[in-house]
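First comes the structure, then the notes that go with it.
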Amino acid sequence: MSPHPCTEAVSKVSTLRLLVLSEVDDWDFGPQLKACGHEIVAWVRPAWGRGPQCGGLCQAVRTAVNAIFSLSKPIRTIKPRFDAWTWLDKGKIPRIPCPNVNAPQFVEYVKGLNIDLIVVCFFSQILKAPILQIPRLGILNCHPSLLPRYGGPHPTFWMLKNGESVAGITVHVMTEKIDAGDIVAQRELMIGETENAGQLLQRQYHASAALLTEAVNAMAQGTIDRKPQNIAERSYFGKKKAADTILDWNGSARQIANLLRAVQPFEPLAACLNGKTINIYDAQPQEGSPSGRVPGEIVARQSGRFLVQTGNGYLEIRSCEIVPFHGWINRILLEFLLPVGSRFDLAPPATGLASHAVS
């Protein structure tokens, strides 16, 4: 475990007034920053909204109803390790909704806060010159990749889809050019072989809290070390689009499994068979000698699992649903509608997808 950023002489760090821009709840940056003596004057995101909390009895009733009527199961999520919303309320730190951080009214509001520094982490808006020029020490941004590689709004998706084994986080000085400012600090994170986007993002959130706190302390001490990015090594990936998540059975089993990891647990991977959409939630690649079957053909099945030929190897589908069915109804239909020898369409039509943009 790495030492706390403030373990070595808190007294040496000057107190800074900060404004935080972040859309992440599962992020313990606030407590780490406060432990070093800094002040968060407000926390900004485009909107603050939280669904109704459901107690144990309510959840049990809901689960029973879903099981009986085979209703859609809730979106699978990663169990949070921290609740920033609750922490902010306990600390009486203002939660400011702001659909547009570049709006003149918000720029004037920030000018009146008398802040030293703005910290940005996982925030979906692009900051322009008027707000970039307000803090006397500038703006630090935490980007979820090892810049200059994987610049752009969805690096975690692209790294997993491309089969990378190493991810990371970068703290850099924010400029008008996206993800191009001087690097202040970086940390590598190894990617687990079966790790999905939600799991990797959670690790990036919590790693960024410590790295950002160290950078803020260095800024306060005047010891920050800025290193220009090597533009020759820069790679940039744009926003994730529906076309980027299309399952192509001509690809290898590993490539398809990587694509599934890149969208889970936020959404399934959609396939199509005989006009029916099949949502895939869990699948693993398998090696094996060629079967003589065509890519997309179900070559074996057992206990609700399906082995599908791909362009290279096999994909074992462990959990899937025939849209719009769920639960026991889905399990019955799978027995009849996906027999051995069935063939998935090679490239299903693109579907609308939710976007999880970060800066």
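Worth knowing before you read on, the calculation uses all heavy atoms, side chains too, and leaves out hydrogens, waters and symmetry mates.
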Query raised in the report: Can you tell which of Leu127, Leu212, Val173, Asp179 makes a side chain to side chain contact (heavy atoms under 4.5 Å, CB included) with Asn141?
Result: Asp179
Requested in this report: Would you please test Val184 and His172 for side chain to side chain contact (heavy atoms under 4.5 Å, CB included) and show each step?
Outcome: CA-CA 5 Å; Val184 172; His172 68 95; 5.6 Å; no
Query raised in the report: Would you say the side-chain atoms of Trp27 and Ser208 include a donor-acceptor pair closer than 3.5 Å?
Result: yes
Query raised in the report: Hey, mind stepping through Gln229 and Asp182 against side-chain hydrogen bond (donor to acceptor under 3.5 Å, both in side chains) and telling me if it holds?
Result: CA-CA 6 Å; Gln229 294 189 41; Asp182 291 351; over 6 Å; no
**Report entry** Other residues, nucleotides, ligands: >12 heavy atoms within 6.0 Å of Ile332 CD1
**Finding:** yes
Query raised in the report: Does the pair Leu334 and Cys320 meet the rule for a side chain to side chain contact (heavy atoms under 4.5 Å, CB included), with working shown?
Result: CA-CA 9 Å; Leu334 286 175; Cys320 65; 3.9 Å; yes
Requested in this report: Please name the pair of heavy atoms, one in Val299 and one in Gln309, separated by the smallest distance, quoted to 0.1 Å.
Outcome: CG1-CB, 4.1 Å
**Report entry** Under 3.5 Å donor-acceptor, Arg234 side chain and Arg149 backbone
**Finding:** no
Requested in this report: Look at the side-chain heavy atoms of Ile, Leu, Val, Met, Phe, Trp and Tyr, link any pair under 4.5 Å apart, and say whether Leu211 and Leu201 land in one connected group.
Outcome: yes
Query raised in the report: Going by atom types alone, do Glu287 and Tyr314 pair a side-chain donor with an acceptor below 3.5 Å?
Result: no
Requested in this report: For a side chain to side chain donor-acceptor pair (under 3.5 Å) with Asp26, tell me which candidate from Lys79, Gln202, Arg81 qualifies.
Outcome: Gln202
**Report entry** Salt bridge flag under 4.0 Å for residues Asp116 and Arg17
**Finding:** no
Query raised in the report: Taking a hydrophobic cluster as the set of Ile, Leu, Val, Met, Phe, Trp and Tyr residues connected by side-chain heavy atoms closer than 4.5 Å, whether directly or through intermediates, do Leu147 and Val120 fall within one such cluster?
Result: no
Report summary line: Here the gap from Asp282 atom CG to Leu269 atom CG, rounded to the nearest 0.5 Å, amounts to 11.5 Å
Report task. State plainly whether one hydrophobic cluster holds both Val44 and Ile126, where clusters connect Ile, Leu, Val, Met, Phe, Trp and Tyr through side-chain heavy atoms under 4.5 angstrom apart. Result -> no
Query raised in the report: With no hydrogens and no angle check, is any side-chain donor or acceptor of Gln125 less than 3.5 Å from a backbone partner on Cys98?
Result: yes
Query raised in the report: Charged N to carboxylate O below 4.0 Å: is that the case for Arg301 and Glu335?
Result: yes
Query - Close side-chain approach of Val166 to Ile191, heavy-atom, < 4.5 Å - result: no
Query raised in the report: Are the side chain of Asn102 and the backbone N or O of Lys128 linked by a donor-acceptor pair below 3.5 Å?
Result: yes
Query raised in the report: Between Asp25 and Arg45, is there a side-chain N and carboxylate O pair less than 4.0 Å apart?
Result: yes
Query raised in the report: Given the rule in the side chain to side chain contact (heavy atoms under 4.5 Å, CB included) test, do Phe123 and Val101 qualify, once you have shown the distances and angles that lead to the verdict?
Result: CA-CA 11 Å; Phe123 193 74; Val101 294; 3.7 Å; yes
Query raised in the report: If you draw the axis of the six-membered ring of Trp48, does the NZ or CZ of Arg95 fall within 45° of it and under 6.0 Å from the ring centre?
Result: yes
Requested in this report: Report yes if some heavy atom in the side chain of Asn217 is under 4.5 Å from a heavy atom in the side chain of His38; otherwise report no.
Outcome: yes
Report task. Apply side chain to side chain contact (heavy atoms under 4.5 Å, CB included) to the pair Thr310 and Ile256, showing each step before the final yes or no. Result -> CA-CA 9 Å; Thr310 71; Ile256 297 171; 3.9 Å; yes
Report summary line: In terms of heavy-atom contacts, Cys121 and Cys142 come closest through SG-CB, 3.8 Å
Query raised in the report: With Arg305, which residues qualify under salt bridge (charged side-chain N to carboxylate O under 4.0 Å, His left out), at least two apart?
Result: Glu316
Query raised in the report: Do other residues, nucleotides or ligands put more than 12 heavy atoms under 6.0 Å from Arg293 CZ?
Result: yes
Report task. Check whether any side-chain heavy atom of Asp244 lies under 4.5 Å from a side-chain heavy atom of Trp158, and answer yes or no. Result -> yes
Report task. For the residue pair Gln204 and Thr156, confirm or rule out a side-chain donor-acceptor distance under 3.5 Å. Result -> yes
Report task. Check whether Ile93 and Leu18 end up in the same hydrophobic cluster, where Ile, Leu, Val, Met, Phe, Trp and Tyr are linked by side-chain heavy atoms less than 4.5 Å apart. Result -> yes
Query raised in the report: Do Trp85 and Phe122 belong to the same hydrophobic cluster, where Ile, Leu, Val, Met, Phe, Trp and Tyr are linked whenever their side-chain heavy atoms lie under 4.5 Å apart, directly or via other members?
Result: yes
Query - Heavy-atom check, side chain of Ile280 versus side chain of Pro268, under 4.5 Å - result: no
Requested in this report: Quick one: do Thr15 and Glu39 satisfy side-chain hydrogen bond (donor to acceptor under 3.5 Å, both in side chains)? Show the steps, please.
Outcome: CA-CA 7 Å; Thr15 299; Glu39 178 186 359; over 6 Å; no
Requested in this report: Would you kindly say whether Tyr281 and Gln264 are connected by a side-chain donor-acceptor distance under 3.5 Å?
Outcome: no
